[in-house]
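Structure first, commentary second.
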Amino acid sequence: MLHPSLAERYVSERRTYGRLLRLAFAMAGIYWIVIYCLPLDTHVQLRSGQTFIYFVLLTLWGLDYMREQRRLTIVIQQANANGIPPESVSLSDVEQRASLFTMMTPRGGGWGMIMPVFFVVGMVVGWVLIIGQYMRAINVMLQ
């Protein structure tokens, strides 16, 4: 549980981002069913694009995990420094690291601008690659 000032800034973006990432992983996984329902001679052609999709998605997931760990560390350190429970740590208490509490909306300077843009661009690239893979499978089916 986060203080309302942190939750207001972070929770809804994190929920949306998490859903998009999980859905992208699900669609990439379902693609394997599509591959194995098609003739054996098309498997190599259809599997070739999957590696880069997983590279992009796993990179996004790993960076998100790393930032989540940093967010929790900041909240716990601030709670210990102020002698308050972690749920009482507000956005003003972590103002110097407030950029960690955003996922897709660039805020502040430095990493507060770079990481949200990276997450959005990475998500778009992942989805474009996934849709491209499905289009490739549809082309193979129509031949």
Side-chain angles (χ1 to χ4, degrees), residues 1-81 85-143:
M1 181 189 306
L2 294 172
H3 187 272
S5 63
L6 286 175
E8 176 184 320
R9 182 173 183 162
Y10 168 69
V11 172
S12 65
E13 279 191 26
R14 176 71 174 88
R15 185 180 307 122
T16 301
Y17 178 80
R19 286 179 181 165
L20 287 172
L21 187 60
R22 286 189 303 275
L23 186 59
F25 269 112
M27 294 304 292
I30 290 170
Y31 186 73
W32 288 100
I33 297 170
V34 173
I35 290 174
Y36 288 110
C37 288
L38 294 172
L40 188 59
D41 59 334
T42 63
H43 287 199
V44 172
Q45 174 190 359
L46 294 175
R47 288 179 9 191
S48 64
Q50 286 296 93
T51 302
F52 193 63
I53 290 171
Y54 284 113
F55 173 75
V56 169
L57 295 178
L58 287 170
T59 299
L60 291 174
W61 177 76
L63 287 171
D64 175 41
Y65 180 80
M66 176 188 69
R67 284 174 57 92
E68 184 69 22
Q69 183 268 333
R70 286 184 181 164
R71 282 187 284 271
L72 293 174
T73 300
I74 294 295
V75 168
I76 291 169
Q77 286 175 345
Q78 194 63 43
N80 289 340
E87 61 269 8
S88 297
V89 174
S90 68
L91 184 59
S92 62
D93 293 331
V94 293
E95 193 64 42
Q96 60 273 51
R97 299 302 300 267
S99 63
L100 284 172
F101 294 91
T102 185
M103 291 298 300
M104 298 182 291
T105 305
R107 293 186 175 131
W111 290 113
M113 292 293 289
I114 294 170
M115 291 308 290
V117 170
F118 185 80
F119 284 134
V120 170
V121 169
M123 190 68 71
V124 169
V125 167
W127 275 103
V128 167
L129 291 171
I130 290 168
I131 291 168
Q133 283 291 88
Y134 277 95
M135 297 303 291
R136 190 178 306 167
I138 289 169
N139 285 337
V140 167
M141 284 187 244
L142 295 176
Q143 291 178 354

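- Evaluation of the side chain to side chain donor-acceptor pair (under 3.5 Å) test over residues 87-96, restricted to residues two or more places apart or in two chains, returns Ser90-Ser92, Ser90-Asp93.
- If you take OG1 on Thr59 and CZ on Phe119, they are separated by 10.5 Å, rounding to the nearest 0.5 Å.
- Among residues two or more places apart in sequence or in another chain, the side chain to side chain contact (heavy atoms under 4.5 Å, CB included) test is passed with Ser48 by Arg136.
- Under the side-chain hydrogen bond (donor to acceptor under 3.5 Å, both in side chains) criterion, Ser12 pairs with no residue at all, not counting sequence neighbours.
- Between His3 and Leu91 the shortest side-chain heavy-atom distance does not fall below 4.5 Å.
- With sequence neighbours left out, the side chain to side chain contact (heavy atoms under 4.5 Å, CB included) criterion links Met113 to Pro106.
- Looking at Val120 and Tyr17, their side chains never come closer than 4.5 Å, going by heavy atoms from C-beta outward.
- When all heavy atoms of Val140 and Leu38 are compared, the closest pair comes out as CG1-CD1, 4.3 Å.
- A distance of 8.0 Å separates CG in Asn80 from CD in Gln77, rounded to the nearest 0.5 Å.
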When the side chains of residues 62-72 are checked against the rest of the protein, which donor-acceptor pairs come out under 3.5 Å, sequence neighbours left out?
from, atom 1, to, atom 2, distance (Å)
Asp64, OD2, Arg14, NH1, 3.4
Asp64, OD2, Arg14, NH2, 3.0
Arg67, NH2, Ser99, O, 3.1
Arg67, NH2, Leu100, O, 3.4
Arg67, NH2, Thr102, O, 2.9
Glu68, OE1, Tyr10, OH, 2.3
Glu68, OE1, Arg71, NE, 3.3
Glu68, OE1, Arg71, NH2, 2.9
Gln69, NE2, Thr73, OG1, 3.1
Arg71, NE, Tyr10, OH, 3.2
Arg71, NH1, Leu100, O, 2.7
Arg71, NH2, Tyr10, OH, 3.2

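- Atom-to-atom distance recorded for Gln78:CD and Arg97:CZ is 11.5 Å, nearest 0.5 angstrom.
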List, one per line, each side-chain donor-acceptor pair under 3.5 Å for residues 21-37, sequence neighbours excluded.
from, atom 1, to, atom 2, distance (Å)
Arg22, NH1, Gly18, O, 3.4
Tyr31, OH, Gln133, O, 3.1
Trp32, NE1, Tyr54, OH, 3.2

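- No more than 12 heavy-atom neighbours from other residues, nucleotides or ligands sit within 6.0 angstrom of CH2 on Trp61.
- Atom OH of Tyr134 is surrounded by more than 12 heavy atoms from other residues, nucleotides or ligands within 6.0 Å.
- For the pairing with Ile53, the side-chain contact (heavy atoms from CB on, under 4.5 Å) check across Ile130, Val125, Leu58 returns one residue only, Ile130.
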